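Computed from heavy atoms alone, side chains included, the values below leave out hydrogens, waters and symmetry copies. Remember, it's a predicted structure, so these values are computed and weren't measured experimentally.
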Amino acid sequence: IIIITERYQGGRNMVEIIVGVKGKGKTKRLLEMANEAVKDAKGTVVYLDKSAKHMYELSNKIRLINVNDFDIMSSDGFTGFVSGIISQDHDLETMFLDSFLKLANLEGGDITPVIDALEKIGEKYNVKFVLSVSMDAADLPENAKKDVVVAL
């Protein structure tokens, strides 16, 4: 099942979510979207992952960052990490976040504040975030349900 929604702020979605339980193909879809996005990008595309495993599946024009190379201990630390990436790259256009719950230290936690923070950061710096979230779409908090572009 694929669900497509449209929600625009300032002309484009600031947060898009690919949601589904583990093993449904979210990473494959995220990789495809990243490789497609870089073709038309006028700025930089960044892909955050928990390893460098997908390095050869991504276009060499995409900057892959292995988040596990950095000691991020909390969701606030993760939000700061993302802000740091943006501060160093004024041409950043889109950031893809694979395994979002793991990257942001949110497994089993409330994702609401981090989704809200990403939306504010995205609007302020004109950066789109595309997240893969390992959970059932029905279990997403209300503030995230509106951002679902693919449900697997």
Side-chain angles (χ1 to χ4, degrees), residues 1-34 36-37 41 43-51 53-54 58 62-152:
I1 298 172
I2 296 178
I3 299 170
I4 305 290
T5 62
E6 289 186 38
R7 183 183 67 87
Y8 292 100
Q9 288 181 314
R12 68 190 235 206
N13 294 1
M14 290 298 120
V15 175
E16 295 182 352
I17 298 174
I18 300 171
V19 67
V21 295
K22 188 170 172 61
K24 287 290 184 179
K26 294 177 302 299
T27 295
K28 183 177 186 256
R29 185 68 187 255
L30 196 68
L31 289 164
E32 290 168 357
M33 289 173 76
E36 198 57 40
T44 313
V45 176
V46 171
Y47 192 97
L48 301 185
D49 205 346
K50 61 190 182 304
S51 73
K53 179 171 100 175
H54 300 292
L58 286 169
I62 297 172
R63 180 176 173 205
L64 173 65
I65 299 173
N66 178 356
V67 176
N68 283 340
D69 286 346
F70 304 89
D71 276 340
I72 300 171
M73 301 297 184
S74 67
S75 57
D76 287 341
F78 177 75
T79 305
F81 180 74
V82 167
S83 296
I85 293 168
I86 293 169
S87 76
Q88 292 296 309
D89 186 351
H90 299 289
D91 293 326
L92 185 59
E93 195 171 292
T94 310
M95 190 176 288
F96 292 86
L97 293 80
D98 196 4
S99 303
F100 171 69
L101 299 177
K102 282 187 175 125
L103 297 181
N105 290 288
L106 287 168
E107 289 178 299
D110 180 13
I111 70 172
T112 303
V114 178
I115 296 292
D116 288 344
L118 291 178
E119 285 178 352
K120 285 180 184 145
I121 292 167
E123 288 167 12
K124 185 173 184 178
Y125 298 103
N126 201 29
V127 174
K128 180 165 95 174
F129 297 96
V130 184
L131 325 174
S132 76
V133 178
S134 289
M135 63 186 343
D136 191 281
D139 296 332
L140 284 171
E142 286 307 312
N143 75 325
K145 287 181 179 174
K146 68 189 177 328
D147 297 322
V148 173
V149 292
V150 180
L152 301 169

Shortest non-hydrogen separation from [X] to [Y] and the atoms involved:
| X | Y | answer |
| --- | --- | --- |
| Ser83 | Ile121 | OG-CD1, 3.6 Å |
| Ser134 | Leu101 | O-CD1, 3.6 Å |
| Ser75 | Asn105 | N-CB, 4.1 Å |
| Ala138 | Asp136 | N-OD1, 2.9 Å |
| Val127 | Leu92 | CG2-O, 3.6 Å |

Heavy-atom side-chain contact between [X] and [Y] under 4.5 Å:
| X | Y | answer |
| --- | --- | --- |
| Ile18 | Met33 | yes |
| Leu97 | Phe78 | yes |
| Ile62 | Phe96 | no |
| Asn126 | Met14 | yes |
| Phe81 | Leu103 | no |
| Met135 | Leu140 | yes |
| Leu118 | Met95 | no |

When rounded to the nearest 0.5 angstrom, what is the spacing between [atom1] in [X] and [atom2] in [Y]?
| X | Y | atom1 | atom2 | answer |
| --- | --- | --- | --- | --- |
| His90 | Thr44 | NE2 | OG1 | 11.0 Å |
| Asp91 | Glu93 | CG | CD | 9.0 Å |
| Thr79 | Ile72 | OG1 | CD1 | 9.5 Å |
| Phe70 | Ile65 | CZ | CD1 | 6.5 Å |
| Ile111 | Leu106 | CD1 | CG | 7.0 Å |
| Leu131 | Ile115 | CG | CD1 | 5.0 Å |

Problem - Pair Ser132-Asp98, side-chain donor/acceptor within less than 3.5 Å - result: yes

Practice task
Answer yes if the side chains of Thr112 and Asp110 hold a donor-acceptor pair under 3.5 Å, and no otherwise.
Solution key: yes

Main chain of [Y], side chain of [X]: is a donor-acceptor contact present, judged purely on distance under 3.5 Å?
| X | Y | result |
| --- | --- | --- |
| Lys120 | Ala117 | no |
| Asp49 | Leu64 | no |
| Lys26 | Val21 | yes |

